Amino acid sequence: MITLFFVDTVSAGTITTSAEIITIPVVVHVMYHNANENISDAQILSQLVVLNKDFRGNNADRAKVPAYFAPLAADAGFEFKLASMDAHGYATTGILRKYTKIEFFGTDDRIKSSVRGGDDAWDRNQYLNIWIGNLAGGILGYTSTYGGPADKDGVVIQYSAFGTIGSVNAPFDLGRTATHEIGHWLNLLHIWGDGYCGDDQVADTPKQRSSNRGVITGEKFSGCEANAHGDMYMNFMDLTNDAGMFMFTAGQRQRMRSSFEAGGARRQILASNALKISTLTAPIEQPLFAAFVSKIAVYPNPASANIIIELKGMPVSGLHTLIIYNYLGHPVMTQMVKGNECLLNVAELKSGVYIIKADNGLVTKFVKN
């Protein structure tokens with residue numbers, strides 16, 4: 001997996017040794033230009049299953065760790081759940097979907113900015129932000145700088161390397177891109193220390209010359225230092241295929257968990273309310289901005305896949321937000337509109353009646369077949 005932004009070495013004080021499980025609230029921003037990129041809820045949930053197995057050491061392929069490294073393999077003590085409450089106290093699914101005119105995203109963080117065709121980050125002190133999109137240049141994912149700007153905090157994953165079903169493509173079809181990138185988000189370096197025979201700041205990972213690729217078996221010696229069994233190429237922080245990585249070490253566990261100690265960059269997330277159950281739904285009846293739109297037209301209506309939303313009377317240079325609510329008033333999609341028309345893929349929505357609200361307070365309905 002290619003990571004363009006590397007985490008910095010920090011001093012996090014006392015190392016966490018508690019057996020307590022740390023649960024991380026997750027919000028997934030799905031940015032799609034075509035229907036294939038608008039990955040299903042099932043594909044997203046398949047990734048959560050992988051993360052919860054990999055970070056607890058319950059992945060079945062952990063049994064493939066060679067006997068000489070097996071004593072070092074560890075349960076990192078993290079679990080991941082989709083957020084159930086947003087920053088305003090309203091109920092959320094933890095999954096946001098937005099159509100974008102951007103065909104390919106790079107590593108310039110455009111995907112993290114609503115005004116640039118992406119979607120803004122939620123508060124990093126309450127959520128792990130994961131952006132899903134079509135990344136250019138064969139990049140599988142990248143991670144923000146540890147302790148860097150709040151509005152850039154989180155991980156970005158190629159839509160075809162997220163989860164284990166749906167749009168995923170071999171050999172990165174087992175969800176390990178997200179495991180690797182979230183390892184960086186939790187302050188792990190690449191196992192080779194991001195330098196020739198570098199230091200990853202973890203004592204129980206042997207030094208190696210550089211990254212490994214593909215799927216490797218047996219002992220491999222890269223010649224950095226004398227050690228009995230060579231590279232730990234099956235570590236999640238190397239760059240092998242998904243099928244070739246299946247362990248964190250006890251030292252990596254300590255380093256990740258130190259992020260939640262006093263002074264650690266992830267400390268505040270321990271007090272997050274994002275996993276609480278909210279009975280509040282986002283209001284849809286009050287206008288938010290001065291009206292520009294005289295009428296919202298939706299066609300076809302009813303629809304099964306794509307709808308066109310036309311905002312008659314809106315200036316073509318304007319940038320506005322549409323929010324799609326189910327009939328219970330729960331927000332299910334958000335769409336930025338530049339001008340007065342947009343295409344919205346609703347194939348993943350369940351059948352029923354939905355409400356579209358423009359940011360001037362005007363609402364209309366459409367029926368999903």
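Note that the numbering runs from 1 along the sequence shown for the chain. Since we're looking at a predicted model, the values are computed, not measured.
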### Summary
Here the disulfide bond (SG atoms under 2.5 Å apart) pairs for residues 65-127, sequence neighbours left out, are none

### Summary
Closest non-hydrogen atoms of Asp199 and Val202, given as atom of the first, atom of the second and distance, are OD1-N, 4.2 Å

### Query
Looking only at heavy atoms, which two atoms of Leu188 and Met237 are closest? And how far apart?
CD1-CG, 3.8 Å

### Summary
Residues joined to Trp122 in its hydrophobic cluster, side chain to side chain under 4.5 Å directly or through other members, sorted by chain and number, are Val27, Leu96, Tyr127

#### Entry: Ser304 to Asn369 - nearest heavy-atom pair and separation
CB-CB, 4.3 Å

### salt_bridge(Asp153, Arg266) N-O dist < 4.0 Å
yes

### Query
Between Phe105 and Tyr142, is the gap from one ring center to the other below 6.0 Å?
no

### Query
Which pair of heavy atoms, one from Asn301 and one from Lys365, lies closest together, and at what distance?
ND2-O, 3.2 Å

### Task
Assess Arg124 against Trp185: is NZ or CZ under 6.0 Å from the centre of the six-membered ring, and within 45 degrees of the ring's axis?
no

### Task
Write out all pairs satisfying disulfide bond (SG atoms under 2.5 Å apart) with one or both partners inside residues 52-81, taking only residues at least two apart or from two chains.
none

### Query
Do any pairs count as a disulfide bond (SG atoms under 2.5 Å apart) and have a residue in residues 181-217, sequence neighbours left out, and if so which ones?
Cys197-Cys224

### Leu270 reachable from Leu186 in the ILVMFWY side-chain graph, under 4.5 Å edges
yes

### Task
With sequence neighbours excluded, give me every side-chain hydrogen bond (donor to acceptor under 3.5 Å, both in side chains) pair touching residues 72-82.
Arg56-Asp75, Arg56-Glu79

### Message
My understanding is that a hydrophobic cluster links ILVMFWY residues whose side chain heavy atoms are under 4.5 Å apart, including indirect links. Using that, what else belongs to the cluster containing Tyr299?
### Response
Ile308, Leu343

### Message
Counting only heavy atoms not in Glu219 (residues, nucleotides, ligands), do more than 12 fall under 6.0 Å from its CD?
### Response
yes

#### Entry: Test salt bridge (Lys or Arg N to Asp or Glu O under 4.0 Å) applied to Asp119 and Arg110, Lys98, Lys112, the passing residue
Lys98

